[in-house]
Amino acid sequence: MIDVGVFYNAYTGREDVTWTAGTLAGFLQRLSLFSTRQVIPCDGIRLENNFHVCNIERIAGLEVQLTTNLCDHLLLREDIRVVYVFHHAAFLQSHKGNSVFPDGFVEETLQTLALLFPKGNRQVEKWYKKKDKVEELDFTVLKVSHPWRRIDGYEYWRDRLVTLKEAFDDSRPRSFGQWWHDRRDATQWYAVWIAVFFTVFFGFVQSVVGIMQLYKAYYPTPG
């Protein structure tokens, strides 16, 4: 689940890393992917229930692309407004306790999936089923439960989660659909749609009155 080899007709955006000596586990632990060193402050970051793949697209306007490359998990490309998500939960579950991965890495990765694909969320299930061909999907990802919602509980994925959550929180509605789905600020949401309702209502009333006046002008009541 990590790209291996030389891709002559593809651009990965990463430098090649060559395994020349030692064990595979030792080589993988030297990769930056498995580093627990965090550099982005996470104060004030909250991982609420509405932070999942469906809303990342509908509210933040980011495209979620499913990937088979674990190195790209939670990677946000702001230039093209795309975030990559590694979704093969069955692969991760089958490698629990595997010494190839650093301690806690597999479980933490599963927790990010539980966060982005909340168990029992029908909107997320519907979204996922439409994302690719059935044979390319891993429906185990919809069954991972009990996500960690404290950002300081993450070590390996904290920086990428913080970057993605900040992009989510800083986003503002740009379309009618985003305005409808963005209920992060309930007071603002109700105020906007009440204003829209009354604008449409009074516009309709004015149209009806205008039509009646026009009708009266052409067909006056006999005196």
Peer 1: Between Gln111 and Glu107, is there a side-chain heavy-atom distance shorter than 4.5 Å?
Peer 2: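 Counting from C-beta outward, Glu107 and Gln111 do come under 4.5 Å.
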Peer 1: Would you find more than 12 non-hydrogen atoms of other residues, nucleotides or ligands less than 6.0 Å from Arg46 atom CZ?
Peer 2: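 Counting neighbours around CZ of Arg46, 12 or fewer heavy atoms of other residues, nucleotides or ligands fall under 6.0 Å, so no.
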Peer 1: With heavy-atom distances below 4.5 Å as the criterion, would you say the side chains of Asn69 and Phe86 are in contact?
Peer 2: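 With C-beta onward as the side chain, the pair stays apart.
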Peer 1: Kindly give the heavy-atom pair with the smallest separation between Glu136 and His88, and that separation in Å.
Peer 2: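 Closest approach of Glu136 to His88, heavy atoms only: O-CE1, 4.1 Å.
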Peer 1: Output the distance between atom CG (Asn55) and atom CG (Asn49), rounded to the nearest 0.5 Å.
Peer 2: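 Output value for this atom pair is 10.5 Å.
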Peer 1: Do the side chain of Arg77 and the main chain of Val83 share a donor and acceptor less than 3.5 angstrom apart?
Peer 2: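 No.
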Peer 1: Can you tell me how far the OG1 atom of Thr112 sits from the CZ atom of Arg160, to the nearest 0.5 Å?
Peer 2: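 Here the rounded value is 10.5 Å.
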Peer 1: Test side-chain contact (heavy atoms from CB on, under 4.5 Å) on Leu142 and Asn121 and set out the steps.
Peer 2: CA-CA 8 Å; Leu142 301 174; Asn121 188 307; over 6 Å; no
Peer 1: Distance-only, no hydrogens or angles: does the Lys119 side chain make a donor-acceptor pair with backbone N or O of Pro147 under 3.5 Å?
Peer 2: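 It does not hold such a pair.
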Peer 1: State which residue, out of Trp157, Tyr156, Phe105, fulfils the ring-ring contact (aromatic ring centres under 6.0 Å, His included) condition with His73.
Peer 2: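 Checked Trp157, Tyr156, Phe105 against His73; only one passes ring-ring contact (aromatic ring centres under 6.0 Å, His included): Trp157.
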Peer 1: Just by modelled atom types, is the Ile40 backbone N or O under 3.5 Å from a matching donor or acceptor in the Asp159 side chain?
Peer 2: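 Indeed, once roles are kept as given, a pair shorter than 3.5 Å links the two residues.
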Peer 1: Salt-bridge test for Lys143 and Glu125: reply yes if a basic N is under 4.0 Å from a carboxylate O, no otherwise.
Peer 2: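 Here Lys143 does not pair with Glu125 in a salt bridge, since their nearest N and O are not under 4.0 Å apart.
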Peer 1: Does a side-chain heavy-atom distance below 4.5 Å link Leu66 with Leu137?
Peer 2: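 Yes - at least one pair of side-chain heavy atoms lies under 4.5 Å apart.
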Peer 1: How long is the gap from OG1 on Thr67 to OH on Tyr84, to the nearest 0.5 Å?
Peer 2: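 With rounding to 0.5 Å, OG1 (Thr67) is 8.0 Å from OH (Tyr84).
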Peer 1: Which atom pair, heavy atoms only, marks the closest approach of Cys42 to Arg158?
Peer 2: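 Smallest interatomic distance, heavy atoms only, reads SG-CD, 4.1 Å.
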Peer 1: Distance alone, cut at 3.5 Å: any donor-acceptor contact between the side chains of Asp138 and Thr140?
Peer 2: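 A pair is found: one side chain offers a donor N or O, the other an acceptor, under 3.5 Å apart.
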Peer 1: Between CG of Asp43 and CD1 of Ile151, what distance do you get to the nearest 0.5 Å?
Peer 2: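 Output value for this atom pair is 11.0 Å.
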Peer 1: What heavy-atom pair brings Phe51 and Ile56 nearest, and what distance separates the two atoms?
Peer 2: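 So the minimum-distance heavy-atom pair works out to CE1-CD1, 4.0 Å.
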Peer 1: Under the salt bridge (charged side-chain N to carboxylate O under 4.0 Å, His left out) test against Glu57, which residue among Lys130, Arg81, Lys131 passes?
Peer 2: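 Of all the options given, the one that passes is Lys131.
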Peer 1: With the side chain counted from C-beta on, respond yes when Leu113 and Val85 share a heavy-atom pair under 4.5 Å apart, and no when they do not.
Peer 2: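 The answer is yes; the side chains approach within 4.5 Å.
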Peer 1: Donor-acceptor pair, Gln65 side chain versus Val82 backbone, under 3.5 Å?
Peer 2: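 Checking the backbone N and O of Val82 against the side chain of Gln65, no donor-acceptor pair under 3.5 Å is found.
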Peer 1: Atom CG of Leu70 and atom OG1 of Thr109: how far apart are they, to the nearest 0.5 Å?
Peer 2: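 That separation rounds to 6.0 Å.
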Peer 1: Please walk me through it: do Val144 and Leu92 pass side-chain contact (heavy atoms from CB on, under 4.5 Å)?
Peer 2: CA-CA 11 Å; Val144 184; Leu92 294 169; over 6 Å; no
Peer 1: For residues Leu115 and His52, determine if any side-chain heavy atom of one lies less than 4.5 Å from a side-chain heavy atom of the other.
Peer 2: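 Not touching, per the 4.5 Å side-chain cut-off.
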Peer 1: Counting C-beta onward and ignoring hydrogens, is there a side-chain heavy-atom pair between Leu110 and Gln93 closer than 4.5 Å?
Peer 2: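 They are in side-chain contact.
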Peer 1: Once you round to the nearest 0.5 Å, how far does CD1 of Ile45 lie from CG of Leu161?
Peer 2: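 One gets 9.5 Å once the value is rounded to the nearest 0.5 Å.
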Peer 1: Quick check on Asn98: does its CG atom have over 12 non-hydrogen neighbours (other residues, nucleotides or ligands) under 6.0 Å away?
Peer 2: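 More than 12 heavy atoms, drawn from other residues, nucleotides or ligands, come within 6.0 Å of this atom.
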Peer 1: Trp127 vs Phe117 aromatic rings, parallel, tilted or perpendicular, using cut-offs 30° and 60°?
Peer 2: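 Aromatic pair Trp127/Phe117 classed tilted.
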Peer 1: Counting only N and O atoms by type, is there a donor-acceptor contact under 3.5 Å from the side chain of Tyr154 to the main-chain atoms of Trp148?
Peer 2: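 Judged by distance alone, yes, a pair lies under 3.5 Å.
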